[in-house]
Amino acid sequence: YQIHFVEGAQEITPNTPADQVPTGTPDDAQPSALSKDVTLNVNYVNSDGTKFTGTIPSNADQSVNFTGTAYVSKVTGQLVNTKEENGQLVVDSSNTNTPKITWTPSAGSFNEVVSPVEQGYYLKNISSNQNGNNVGPITGLTHNSNDMTVTVTYAPLGHIIPVGPDETPIPGADQPQFPNNPDNPAEGNPGNKPDVPNWTPTEPGTTVSPNPNDPGANVNVPYTQNEVTGTVTYINDTTGKTLTTADLPKGTVGSTINYSPADTIAQYEKNGYVLVSNNYPTNPIYKATDNNYQIHFVEGAQEITPNTPA
(Lines give C-alpha, C1' and ligand atoms only; values in the text may rest on other atoms or scores of the structure.)
Protein backbone atom coordinates (compact mmCIF):
# COMPACT_ATOMS: atom_id res chain seq x y z
CA TYR A 1 0.00 0.00 0.00
CA GLN A 2 1.08 3.60 -0.55
CA ILE A 3 -0.02 6.79 1.09
CA HIS A 4 0.62 9.92 -0.98
CA PHE A 5 0.93 13.49 0.23
CA VAL A 6 1.47 16.91 -1.34
CA GLU A 7 2.93 19.87 0.50
CA GLY A 8 0.33 22.16 1.96
CA ALA A 9 0.68 25.91 1.34
CA GLN A 10 0.19 28.82 3.72
CA GLU A 11 -0.93 32.33 2.76
CA ILE A 12 1.12 34.95 4.63
CA THR A 13 -0.15 38.54 5.04
CA PRO A 14 0.72 41.31 7.50
CA ASN A 15 -2.09 39.98 9.72
CA THR A 16 -0.99 36.33 9.80
CA PRO A 17 -0.41 35.21 13.42
CA ALA A 18 3.16 34.21 14.20
CA ASP A 19 2.19 30.64 15.09
CA GLN A 20 0.82 30.15 11.57
CA VAL A 21 4.09 31.09 9.86
CA PRO A 22 5.87 27.89 8.79
CA THR A 23 9.43 27.26 9.91
CA GLY A 24 11.89 28.29 7.23
CA THR A 25 9.78 31.17 5.90
CA PRO A 26 12.25 33.75 4.49
CA ASP A 27 12.57 37.16 6.05
CA ASP A 28 10.92 38.98 3.16
CA ALA A 29 7.83 36.83 3.55
CA GLN A 30 7.41 37.36 7.27
CA PRO A 31 4.20 39.26 8.25
CA SER A 32 6.26 42.22 9.53
CA ALA A 33 7.91 42.55 6.10
CA LEU A 34 4.66 42.49 4.13
CA SER A 35 3.54 46.04 4.86
CA LYS A 36 5.37 49.07 3.57
CA ASP A 37 4.50 52.76 3.38
CA VAL A 38 5.84 55.02 0.61
CA THR A 39 5.49 58.69 1.53
CA LEU A 40 5.49 62.06 -0.21
CA ASN A 41 6.42 65.14 1.81
CA VAL A 42 6.04 68.56 0.16
CA ASN A 43 7.90 71.20 2.17
CA TYR A 44 7.37 74.94 1.77
CA VAL A 45 10.23 77.36 2.49
CA ASN A 46 11.06 81.02 1.96
CA SER A 47 14.33 81.86 0.26
CA ASP A 48 15.02 84.71 2.69
CA GLY A 49 14.97 82.40 5.70
CA THR A 50 11.64 83.58 7.09
CA LYS A 51 8.94 81.10 8.03
CA PHE A 52 6.49 80.18 5.29
CA THR A 53 3.14 81.71 6.20
CA GLY A 54 0.91 80.54 3.35
CA THR A 55 -1.82 77.95 3.85
CA ILE A 56 -0.18 74.54 3.47
CA PRO A 57 -2.31 72.18 1.33
CA SER A 58 -4.01 69.37 3.22
CA ASN A 59 -2.40 66.78 0.94
CA ALA A 60 1.14 68.12 1.22
CA ASP A 61 1.97 64.90 3.07
CA GLN A 62 0.71 61.73 1.39
CA SER A 63 1.26 58.04 2.01
CA VAL A 64 0.57 54.90 -0.03
CA ASN A 65 0.54 51.59 1.86
CA PHE A 66 1.61 48.42 0.07
CA THR A 67 0.34 45.13 1.44
CA GLY A 68 2.20 41.97 0.46
CA THR A 69 0.77 38.49 0.10
CA ALA A 70 3.15 35.53 0.08
CA TYR A 71 2.49 31.80 -0.33
CA VAL A 72 4.93 29.40 1.29
CA SER A 73 5.20 25.68 1.72
CA LYS A 74 4.04 24.47 5.10
CA VAL A 75 6.79 21.90 4.94
CA THR A 76 9.83 23.96 3.87
CA GLY A 77 8.68 27.54 4.39
CA GLN A 78 9.93 28.46 0.92
CA LEU A 79 7.95 30.63 -1.50
CA VAL A 80 5.80 28.50 -3.79
CA ASN A 81 3.10 28.67 -6.42
CA THR A 82 -0.19 27.25 -5.21
CA LYS A 83 -3.42 25.69 -6.28
CA GLU A 84 -6.54 24.47 -4.52
CA GLU A 85 -6.98 20.71 -4.22
CA ASN A 86 -9.82 19.05 -2.38
CA GLY A 87 -10.64 22.35 -0.74
CA GLN A 88 -7.12 22.84 0.54
CA LEU A 89 -4.32 25.17 -0.54
CA VAL A 90 -1.38 23.11 -1.72
CA VAL A 91 1.92 23.58 -3.58
CA ASP A 92 1.46 23.61 -7.37
CA SER A 93 4.54 21.69 -8.46
CA SER A 94 3.44 21.85 -12.09
CA ASN A 95 3.82 25.65 -12.18
CA THR A 96 7.43 26.34 -13.06
CA ASN A 97 7.18 30.15 -12.74
CA THR A 98 9.33 31.68 -10.05
CA PRO A 99 7.04 32.30 -7.09
CA LYS A 100 6.79 35.95 -6.03
CA ILE A 101 5.23 38.05 -3.33
CA THR A 102 2.20 39.98 -4.62
CA TRP A 103 1.97 43.62 -3.53
CA THR A 104 -1.30 45.55 -3.45
CA PRO A 105 -1.22 49.38 -3.03
CA SER A 106 -3.82 51.37 -1.12
CA ALA A 107 -3.69 53.95 -3.93
CA GLY A 108 -2.19 54.01 -7.39
CA SER A 109 -0.35 57.29 -7.19
CA PHE A 110 0.32 60.49 -5.27
CA ASN A 111 -2.16 63.25 -6.07
CA GLU A 112 -1.26 66.70 -7.39
CA VAL A 113 -0.38 69.24 -4.68
CA VAL A 114 -1.54 72.74 -5.60
CA SER A 115 0.88 75.52 -4.62
CA PRO A 116 -0.73 78.14 -2.37
CA VAL A 117 -0.38 81.93 -2.54
CA GLU A 118 1.80 83.46 0.18
CA GLN A 119 1.31 87.15 0.92
CA GLY A 120 4.32 89.19 -0.20
CA TYR A 121 6.03 86.22 -1.87
CA TYR A 122 5.96 84.45 -5.23
CA LEU A 123 6.58 80.83 -6.18
CA LYS A 124 10.21 80.61 -7.30
CA ASN A 125 11.09 76.93 -7.58
CA ILE A 126 9.78 73.36 -7.22
CA SER A 127 12.62 70.92 -6.67
CA SER A 128 11.07 67.98 -8.57
CA ASN A 129 7.89 66.64 -10.18
CA GLN A 130 6.90 70.17 -11.22
CA ASN A 131 3.72 70.50 -13.24
CA GLY A 132 3.20 74.18 -14.02
CA ASN A 133 2.95 75.91 -10.64
CA ASN A 134 2.15 72.69 -8.76
CA VAL A 135 3.70 69.43 -7.66
CA GLY A 136 2.27 67.08 -10.27
CA PRO A 137 0.77 63.63 -9.73
CA ILE A 138 3.32 60.85 -9.24
CA THR A 139 2.45 57.50 -10.75
CA GLY A 140 4.18 54.16 -11.13
CA LEU A 141 4.67 53.62 -7.41
CA THR A 142 5.81 50.19 -6.21
CA HIS A 143 6.66 48.75 -2.84
CA ASN A 144 10.30 49.36 -3.75
CA SER A 145 9.76 53.06 -4.37
CA ASN A 146 11.72 55.41 -2.13
CA ASP A 147 10.08 58.01 0.05
CA MET A 148 9.92 61.33 -1.77
CA THR A 149 10.54 64.89 -0.59
CA VAL A 150 9.75 67.92 -2.73
CA THR A 151 10.79 71.42 -1.68
CA VAL A 152 8.72 74.36 -2.90
CA THR A 153 10.61 77.64 -2.55
CA TYR A 154 9.06 81.11 -2.37
CA ALA A 155 10.90 84.45 -2.68
CA PRO A 156 9.88 88.02 -1.77
CA LEU A 157 8.08 90.03 -4.42
CA GLY A 158 9.94 93.09 -5.68
CA HIS A 159 9.32 96.70 -4.71
CA ILE A 160 8.44 99.85 -6.61
CA ILE A 161 11.38 102.26 -6.25
CA PRO A 162 10.75 105.96 -7.02
CA VAL A 163 13.96 107.41 -8.50
CA GLY A 164 15.06 110.86 -9.60
CA PRO A 165 16.63 111.84 -12.92
CA ASP A 166 19.96 110.43 -11.73
CA GLU A 167 18.35 106.97 -11.22
CA THR A 168 19.01 107.05 -7.47
CA PRO A 169 16.14 106.42 -5.03
CA ILE A 170 14.34 109.52 -3.80
CA PRO A 171 15.15 109.92 -0.09
CA GLY A 172 12.16 109.29 2.16
CA ALA A 173 9.90 108.07 -0.65
CA ASP A 174 7.69 105.04 -0.04
CA GLN A 175 8.86 101.85 -1.76
CA PRO A 176 5.73 99.67 -1.81
CA GLN A 177 5.93 95.96 -2.57
CA PHE A 178 4.10 94.55 -5.56
CA PRO A 179 0.83 92.85 -4.55
CA ASN A 180 0.20 89.14 -5.06
CA ASN A 181 -1.64 87.71 -8.00
CA PRO A 182 -4.28 85.68 -6.13
CA ASP A 183 -4.78 83.43 -9.17
CA ASN A 184 -1.11 82.69 -9.85
CA PRO A 185 1.37 82.13 -6.99
CA ALA A 186 4.31 82.56 -9.38
CA GLU A 187 3.39 86.14 -10.34
CA GLY A 188 2.82 89.55 -8.81
CA ASN A 189 0.14 92.05 -9.79
CA PRO A 190 0.70 95.66 -10.91
CA GLY A 191 1.08 98.12 -8.04
CA ASN A 192 0.19 101.78 -7.64
CA LYS A 193 2.90 104.39 -8.05
CA PRO A 194 3.41 105.96 -4.62
CA ASP A 195 2.69 109.60 -3.93
CA VAL A 196 5.98 111.41 -3.38
CA PRO A 197 5.61 115.00 -2.09
CA ASN A 198 6.91 117.55 -4.61
CA TRP A 199 7.64 114.85 -7.19
CA THR A 200 5.60 113.70 -10.20
CA PRO A 201 6.00 110.40 -12.11
CA THR A 202 7.72 111.06 -15.42
CA GLU A 203 5.78 108.45 -17.36
CA PRO A 204 1.96 108.37 -17.72
CA GLY A 205 -0.22 105.95 -15.80
CA THR A 206 -0.87 105.33 -12.14
CA THR A 207 0.36 101.73 -11.94
CA VAL A 208 3.57 99.84 -12.67
CA SER A 209 3.92 96.13 -13.48
CA PRO A 210 6.44 93.76 -11.92
CA ASN A 211 9.23 92.26 -14.03
CA PRO A 212 7.51 89.34 -15.82
CA ASN A 213 10.75 87.33 -15.89
CA ASP A 214 11.68 88.03 -12.28
CA PRO A 215 8.79 89.01 -9.97
CA GLY A 216 11.33 89.44 -7.15
CA ALA A 217 13.21 92.24 -8.91
CA ASN A 218 12.75 95.84 -7.81
CA VAL A 219 11.42 98.15 -10.53
CA ASN A 220 12.68 101.74 -10.74
CA VAL A 221 10.00 104.32 -11.54
CA PRO A 222 11.32 107.72 -12.72
CA TYR A 223 9.98 110.87 -11.09
CA THR A 224 10.55 114.55 -11.86
CA GLN A 225 10.78 117.03 -9.03
CA ASN A 226 8.07 119.68 -9.01
CA GLU A 227 9.16 123.29 -9.45
CA VAL A 228 8.42 125.70 -6.61
CA THR A 229 8.66 129.48 -6.29
CA GLY A 230 8.02 132.17 -3.73
CA THR A 231 8.03 135.92 -3.10
CA VAL A 232 9.85 138.64 -1.21
CA THR A 233 7.50 141.44 -0.14
CA TYR A 234 8.84 144.85 0.92
CA ILE A 235 6.48 146.59 3.34
CA ASN A 236 6.24 150.16 4.68
CA ASP A 237 5.19 149.71 8.31
CA THR A 238 4.65 153.45 8.69
CA THR A 239 1.69 153.34 6.29
CA GLY A 240 1.02 149.61 6.35
CA LYS A 241 1.30 149.44 2.57
CA THR A 242 3.35 147.20 0.35
CA LEU A 243 6.18 148.92 -1.40
CA THR A 244 6.81 146.11 -3.91
CA THR A 245 6.77 142.32 -4.27
CA ALA A 246 9.52 140.39 -6.03
CA ASP A 247 8.79 136.94 -7.47
CA LEU A 248 11.52 134.43 -6.75
CA PRO A 249 12.86 132.43 -9.72
CA LYS A 250 11.52 128.88 -10.05
CA GLY A 251 13.54 126.06 -8.52
CA THR A 252 13.25 122.62 -6.98
CA VAL A 253 12.98 121.67 -3.32
CA GLY A 254 16.42 121.67 -1.76
CA SER A 255 17.98 123.89 -4.41
CA THR A 256 19.52 127.32 -3.73
CA ILE A 257 17.27 130.32 -4.36
CA ASN A 258 19.05 132.50 -6.88
CA TYR A 259 17.96 135.85 -5.44
CA SER A 260 19.40 138.53 -3.12
CA PRO A 261 17.41 141.41 -1.60
CA ALA A 262 20.55 143.37 -0.72
CA ASP A 263 20.38 145.85 -3.62
CA THR A 264 16.66 146.56 -3.08
CA ILE A 265 17.18 147.13 0.64
CA ALA A 266 20.06 149.51 -0.10
CA GLN A 267 17.91 151.47 -2.55
CA TYR A 268 15.06 151.88 -0.08
CA GLU A 269 17.47 152.98 2.63
CA LYS A 270 18.91 155.53 0.21
CA ASN A 271 15.35 156.78 -0.35
CA GLY A 272 14.87 157.39 3.36
CA TYR A 273 13.49 154.14 4.67
CA VAL A 274 14.83 152.48 7.81
CA LEU A 275 15.09 148.65 7.84
CA VAL A 276 13.07 147.10 10.67
CA SER A 277 13.12 143.34 10.00
CA ASN A 278 14.18 140.87 7.34
CA ASN A 279 13.31 137.13 7.49
CA TYR A 280 14.92 136.24 4.16
CA PRO A 281 17.49 133.52 5.02
CA THR A 282 21.23 134.00 4.74
CA ASN A 283 21.56 130.74 2.80
CA PRO A 284 18.24 130.56 0.97
CA ILE A 285 17.13 127.01 0.06
CA TYR A 286 13.79 126.15 -1.47
CA LYS A 287 11.43 124.34 0.90
CA ALA A 288 8.45 122.27 -0.14
CA THR A 289 6.16 125.08 1.13
CA ASP A 290 6.37 128.49 2.78
CA ASN A 291 8.88 130.18 0.49
CA ASN A 292 7.34 133.63 0.99
CA TYR A 293 9.40 136.25 2.89
CA GLN A 294 8.86 139.81 4.13
CA ILE A 295 11.20 142.74 4.61
CA HIS A 296 9.82 145.61 6.74
CA PHE A 297 10.76 149.30 6.75
CA VAL A 298 9.56 152.45 8.44
CA GLU A 299 9.91 155.93 6.99
CA GLY A 300 12.95 157.78 8.29
CA ALA A 301 12.54 161.39 9.62
CA GLN A 302 14.87 164.39 9.15
CA GLU A 303 15.21 167.32 11.48
CA ILE A 304 15.43 170.59 9.46
CA THR A 305 16.95 173.79 10.97
CA PRO A 306 18.40 176.97 9.43
CA ASN A 307 21.76 175.20 9.59
CA THR A 308 20.70 172.05 7.76
CA PRO A 309 22.78 171.63 4.62
CA ALA A 310 20.83 171.61 1.40
Side-chain angles (χ1 to χ4, degrees), residues 157-179 189-211 217-310:
L157 286 163
H159 291 254
I160 300 171
I161 310 297
V163 298
D166 59 356
E167 290 296 317
T168 60
I170 299 171
D174 288 339
Q175 297 181 350
Q177 191 176 34
F178 286 105
N189 267 353
N192 293 324
K193 295 177 181 178
D195 291 329
V196 182
N198 305 304
W199 292 79
T200 300
T202 303
E203 299 170 356
T206 60
T207 62
V208 57
S209 297
N211 185 327
N218 294 334
V219 176
N220 288 351
V221 179
Y223 281 68
T224 301
Q225 193 169 19
N226 300 338
E227 288 188 324
V228 292
T229 187
T231 60
V232 177
T233 302
Y234 299 85
I235 300 172
N236 181 351
D237 284 352
T238 301
T239 63
K241 295 182 178 182
T242 297
L243 298 171
T244 187
T245 297
D247 292 324
L248 297 176
K250 291 182 178 180
T252 56
V253 174
S255 64
T256 299
I257 303 174
N258 189 21
Y259 178 83
S260 173
D263 290 344
T264 303
I265 292 173
Q267 184 62 48
Y268 277 117
E269 288 179 330
K270 183 177 180 180
N271 292 340
Y273 289 91
V274 176
L275 180 66
V276 174
S277 63
N278 174 10
N279 69 349
Y280 190 77
T282 304
N283 297 311
I285 301 295
Y286 269 118
K287 298 174 290 183
T289 58
D290 193 22
N291 292 301
N292 297 314
Y293 303 96
Q294 292 184 347
I295 298 176
H296 291 261
F297 299 91
V298 291
E299 298 179 9
Q302 177 67 48
E303 180 185 42
I304 306 295
T305 70
N307 298 323
T308 299

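Considering only heavy atoms from C-beta on, I285 comes within 4.5 Å of T256 through its side chain.
When all heavy atoms of F178 and H159 are compared, the pair lying nearest together is CE1-O, 3.8 Å. For the pair P194 and D174, the tightest heavy-atom approach, listed with the atom from each and the gap, is CG-O, 3.6 Å. Minimum heavy-atom separation, W199 to Q225: CE3-N, 3.3 Å. Contact detail for L248 and T229: the closest heavy-atom pair is O-OG1, 2.6 Å. Contact detail for P261 and Y234: the closest heavy-atom pair is CB-OH, 3.2 Å. The minimum heavy-atom distance between E203 and P222, with the atom names listed, is OE2-CG, 3.9 Å.
With sequence neighbours excluded, the residues that form a ring pair (Phe, Tyr, Trp, His ring centres under 6.0 Å) with Y293 are Y280.
Atoms CD1 and CG, on I265 and L275 in that order, are 5.5 Å from each other to the nearest 0.5 Å. Atoms CG and OG1, from N226 and T252 in turn, are 10.0 Å apart once rounded to the nearest 0.5 Å. The distance from the CG atom of L157 to the CD atom of Q177 is 5.5 Å, given to the nearest 0.5 Å. For the atom pair OG1 of T168 and CD1 of I161, the computed distance is 12.0 Å after rounding to the nearest 0.5 Å. For the atom pair NE2 of H296 and OG1 of T238, the computed distance is 12.0 Å after rounding to the nearest 0.5 Å. With rounding to the nearest 0.5 Å, the separation of CD1 in I295 from OG in S277 is 8.5 Å.
Residues N236 and E299 bring a donor and an acceptor atom of their side chains to less than 3.5 Å of each other.
T305 contributes a side-chain N or O that, together with a main-chain N or O of N307, makes up a donor-acceptor pair within less than 3.5 Å. Between the K193 side chain and the G205 main chain, a donor and an acceptor come within less than 3.5 Å of each other. N218 places no side-chain N or O within 3.5 Å of a backbone atom of G158 that could act as its donor or acceptor partner.
Annotation: D195, atom CG; neighbour count of heavy atoms from other residues, nucleotides and ligands within 6.0 Å does not exceed 12. More than 12 heavy atoms of other shown residues, nucleotides or ligands fall within 6.0 angstrom of atom CG in D166. Counting heavy-atom neighbours within 6.0 Å of D263 CG, excluding the residue itself, gives a total of 12 or less. The neighbour count for K287 NZ, taken as heavy atoms of other residues, nucleotides or ligands under 6.0 Å away, is above 12.
Ring-plane geometry between F297 and Y273 is classed as perpendicular, the angle between the planes exceeding 60 degrees on a 0 to 90 degree scale with a lower cut at 30.
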